[in-house]
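Notes follow once the structure below has been shown.
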2 protein chains.
Amino acid sequence: MVSLRDVADAAGVSIATASRALGGKGRVSEATTRLVRETADRLGYQVNALGKALREGSDGVVGIVVPMVSNPFYAALVHEFEDQLSRLNLKLLIADSHGELDRELERLEALAGRRVRGIFAVPAYFDRSRPAISKIARQLPLVQVDRRVEDDSALAFVGVDNADGIGQALRHVAEQGAGTVVFVGADDRTSVGRERRRAFETVVEQLGLAAQEPIIDRYLFEFGLSAAERLRDRPTLPDAVIAGDDLIATGLLAGFARHGVSVPGDVLITGFDGTILADICNPTLTTVQQPMATIAEAGVEELLRKIDDTGAAGAHVRLPTTLRRGDSTGARVTSSASHSAT
Amino acid sequence: MVSLRDVADAAGVSIATASRALGGKGRVSEATTRLVRETADRLGYQVNALGKALREGSDGVVGIVVPMVSNPFYAALVHEFEDQLSRLNLKLLIADSHGELDRELERLEALAGRRVRGIFAVPAYFDRSRPAISKIARQLPLVQVDRRVEDDSALAFVGVDNADGIGQALRHVAEQGAGTVVFVGADDRTSVGRERRRAFETVVEQLGLAAQEPIIDRYLFEFGLSAAERLRDRPTLPDAVIAGDDLIATGLLAGFARHGVSVPGDVLITGFDGTILADICNPTLTTVQQPMATIAEAGVEELLRKIDDTGAAGAHVRLPTTLRRGDSTGARVTSSASHSAT
DNA sequence: CTGAAAGCGCTTACAG
DNA sequence: CTGAAAGCGCTTACAG
């Protein structure tokens with residue numbers, strides 16, 4: 001490929017002048033500038049970002065490590081981050097940890113090794129990810145997103161107020177007349193799993209609701225599907241189920257549909273995240289909406305702050321969620337006549 | 001950060017020996033190797049990928065430009081690519097063109113500028129993306145994925161046999177008893193839009209089906225929603241609607257549900273892609289399944305071939321689709337008694 | 001305004 | 001087996 005050397009030679013100037021003319025920095029006569037730029041265009045020159053980065057210490061790349069891009073929530077989040085960063089002329093290097101510890105460490109090190117300007121990370125584990133996250137954070141600017149690790153007061157974090165989100169969902173179903181509720185969510189391996197689960201217990205108590213034994217596993221559609229079955233097999237169905245995320249909620253919806261349990265006729269369901277899935281399922285899903293764009297905005301802002309001032313303390317940003325109403329918590333009348341004749 | 005220089009100094013060897021010891025290349029005594037490695041570990045040395053890349057001409061990064069990561073199909077595809085590439089120790093730099101021409105060019109140039117080893121691109125336009133794609137393909141290995149540009153015999157391409165996929169969907173609904181069908185898909189701006197639309201016309205003729213006026217726009221859930229309305233307003237509903245992708249299909253499903261049109265009771269629906277959405281909607285969606293993992297595999301293989309042999313001709317790989325049956329084309333009996341009493 | 005030179009961090013012939 | 005040196009492509013003090 002054509003290098004700066006080629007352009008300089010073709011234009012008959014030094015490589016230093018060529019660099020300055022192209023970069024628009026330093027004093028260069030208008031004539032030379034024009035000449036160099038024309039030559040560069042003619043030769044199809046494109047600056048080698050690698051050389052530039054080596055010289056400058058870093059290129060305009062930022063990394064993000066998510067547990068699973070194919071989860072619609074992370075897909076949407078990555079999309080928003082890409083969008084925010086592109087405005088700052090920054091590129092996004094994306095890595096997928098598959099929610100696995102060793103893969104996560106490997107990805108983080110790869111990113112650090114290429115001296116990205118900073119890293120956004122959604123930790124795979126609340127406890128076991130801590131060493132890796134801390135180690136990398138010591139090397140370069142890092143902001144935790146959505147999930148965090150334990151004892152992270154020194155680390156930056158941007159996410160939502162999960163406790164309040166679960167509270168919104170619970171208060172909503174209570175208003176809809178639910179008295180007995182159940183939590184179907186993820187385990188304690190992630191901060192988000194913990195926070196939502198604990199919040200459920202706390203708020204249930206506050207509101208004086210009755211809670212059935214929770215069903216706990218991972219954030220997967222398939223889990224929701226099987227959870228619906230287990231719920232159906234119980235002596236009595238709860239009035240409402242609060243799902244840990246939209247994937248589980250839509251799984252529950254699909255599972256109930258297969259077994260002739262009507263939603264919201266027989267049971268109400270709420271999700272969490274506010275992904276496109278909530279519109280696609282039938283009935284549409286009432287869900288706790290995360291402000292994806294705002295999360296990305298705040299995340300980028302935090303990272304920029306860390307980049308500017310390496311010693312900056314790690315701020316913890318908790319954004320508010322909003323309840324997005326769907327039909328899954330509609331009036332408790334049967335919508336599908338075939339299941340329970342009115 | 002600690003550099004190779006630091007490690008060499010601390011170990012009391014030359015930088016060349018340190019490099020060889022760490023890289024495992026060239027003859028180095030076992031003792032020195034151990035010494036250097038221990039020193040590197042102790043100092044927390046991590047090779048600077050930038051310096052290495054500059055020296056070697058490229059680092060292990062491959063780029064991918066998709067129209068929209070948040071589309072579940074592309075999210076899944078990106079996930080598969082990341083997976084395939086990670087086995088080869090390659091990283092994935094992801095860029096989002098938003099389906100816009102200038103953004104696409106900008107992203108492609110950014111990727112080329114940082115001398116990625118190669119690029120996977122899903123062109124935004126069939127015709128207008130051609131100059132950009134061709135230009136970049138002249139600079140480095142490029143493989144078109146899912147969509148292609150016109151006159152691309154010199155460019156590599158990996159995607160599915162869209163014509164056959166639409167054929168599978170049409171034959172299926174015909175078997176289910178559909179006589180009148182309609183296509184609700186995307187416009188001709190993308191190759192995929194063209195191929196699926198044309199195939200629909202061809203196969204309808206072959207099978208002797210009657211086709212209503214198609215409804216054409218973009219691959220969006222919202223479009224499916226509004227298309228359902230337009231369909232309902234027609235004097236007669238078709239027996240089946242063949243959607244251009246899962247997003248449109250689930251939009252149609254949601255739209256019909258809102259207006260009390262029963263699927264598959266009143267009309268059958270098929271999607272295209274085989275995303276997670278097909279399981280999430282209710283009824284579940286019959287869709288033309290794309291072999292995502294195989295596409296990624298074949299794509300990587302093509303790119304590797306191009307990397308090895310720059311002059312290699314651009315192979316066009318068309319993978320087969322399979323019909324994934326859901327309830328949206330189930331027996332044409334009414335599933336929901338409230339809509340049309342049996 | 002312009003050029004020669006140094007140096008970012010690394011790897012790999014080239015000598016020894 | 002090991003080291004000195006060149007060079008990947010670039011930018012930026014430093015002179016002039």
Side-chain angles (χ1 to χ4, degrees), chain A residues 1-37 39-40 43-61 89 109-117 139-140, chain B residues 1-37 39-40 43-61 89 109-117 139-140:
Chain A
M1 296 198 72
V2 22
S3 72
L4 187 57
R5 159 96 279 145
D6 302 322
V7 176
D9 286 353
V13 299
S14 77
I15 190 180
T17 300
S19 174
R20 278 186 287 250
L22 258 19
K25 308 195 181 177
R27 319 272 80 215
V28 188
S29 80
E30 181 131 342
T32 353
T33 302
R34 201 167 22 235
L35 172 64
V36 171
R37 295 207 168 155
T39 313
L43 267 43
Y45 172 70
Q46 218 156 253
V47 61
N48 182 328
L50 260 21
K52 183 170 174 165
L54 182 57
R55 165 71 213 223
E56 297 181 337
S58 168
D59 52 352
V61 175
N89 246 302
E109 286 186 331
L111 252 17
R114 31 185 344 292
R115 306 297 192 270
V116 291
R117 274 229 221 291
Q139 301 184 44
L140 40 74
Chain B
M1 295 198 75
V2 22
S3 72
L4 187 56
R5 161 97 277 147
D6 302 322
V7 176
D9 286 354
V13 300
S14 78
I15 188 177
T17 298
S19 174
R20 279 186 288 250
L22 259 18
K25 308 197 182 177
R27 319 272 80 215
V28 188
S29 80
E30 182 131 340
T32 344
T33 302
R34 202 168 20 236
L35 171 64
V36 172
R37 295 207 169 155
T39 313
L43 267 45
Y45 172 69
Q46 216 156 254
V47 60
N48 182 328
L50 260 20
K52 183 170 176 165
L54 182 57
R55 164 70 212 221
E56 296 181 337
S58 169
D59 52 351
V61 174
N89 246 302
E109 286 185 332
L111 253 16
R114 46 184 328 297
R115 305 299 192 269
V116 291
R117 274 229 220 293
Q139 302 184 42
L140 41 74

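Values reported hereafter were calculated over all heavy atoms of this structure, with side chains retained and with hydrogens, waters and symmetry mates removed. All chains are named by letter (A, B, ...) in the order of the sequence lines, taking the proteins before the strands, and each is independently numbered beginning at 1.
For C/dT12, one of the phosphate oxygens OP1 or OP2 lies less than 4.0 angstrom from a side-chain nitrogen or oxygen of B/Lys25.
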Pull out every protein N or O sitting under 3.5 Å from an N or O of nucleotides 6-9 of chain D, one pair per line with the distance.
unit_1	atom_1	unit_2	atom_2	d
D/dC8	O2	B/Arg55	N	3.2
D/dG9	N2	A/Gly51	O	2.9

N/O to N/O distances under 3.5 Å, protein versus nucleotides 2-4 of chain C:
unit_1	atom_1	unit_2	atom_2	d
C/dT2	OP1	A/Thr32	OG1	3.0
C/dT2	OP2	A/Ser29	N	3.0
C/dT2	OP2	A/Thr32	OG1	2.9
C/dG3	OP2	A/Ser14	N	3.0
C/dG3	OP2	A/Ser14	OG	3.1
C/dG3	OP2	A/Thr17	OG1	2.6
C/dG3	N7	A/Arg20	NH2	2.7
C/dG3	O6	A/Arg20	NH1	3.1
C/dG3	O6	A/Arg20	NH2	3.3

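With sequence neighbours left out, the side chain to side chain donor-acceptor pair (under 3.5 Å) criterion links B/Arg117 to B/Ser58. Scored by the side chain to side chain donor-acceptor pair (under 3.5 Å) test, B/Thr39 finds no partners at all (sequence neighbours excluded). For A/Ala18, the side chain to side chain contact (heavy atoms under 4.5 Å, CB included) partners two or more places apart in sequence, or in a different chain, are A/Leu4, A/Ala8, A/Val13, A/Val36. For B/Glu109, the salt bridge (Lys or Arg N to Asp or Glu O under 4.0 Å) partners at least two apart in sequence or on another chain are B/Lys135. Residues satisfying the side chain to side chain donor-acceptor pair (under 3.5 Å) test with A/Ser19, not counting sequence neighbours, are none. With sequence neighbours left out, the side chain to side chain contact (heavy atoms under 4.5 Å, CB included) criterion links B/Arg55 to no other residue. A/Arg5 meets the salt bridge (Lys or Arg N to Asp or Glu O under 4.0 Å) test with A/Asp9; sequence neighbours excluded. For A/Thr33, there are no side chain to side chain donor-acceptor pair (under 3.5 Å) partners at least two apart in sequence or on another chain. Applying the side chain to side chain contact (heavy atoms under 4.5 Å, CB included) test to A/Ala112 and every residue at least two apart in sequence or in another chain returns A/Ile136, A/Gln139, A/Leu140, B/Gln46.
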| request: With pairs defined as Watson-Crick or G-U wobble and both distances under 3.5 angstrom, please note down DNA chain C as a dot-bracket string, | for pairing with another strand. | output: |||.||||||||.|||

| request: Verify side-chain contact (heavy atoms from CB on, under 4.5 Å) between B/Thr17 and B/Thr32, making sure each step is shown before the conclusion. | output: CA-CA 8 Å; B/Thr17 298; B/Thr32 344; 4.1 Å; yes

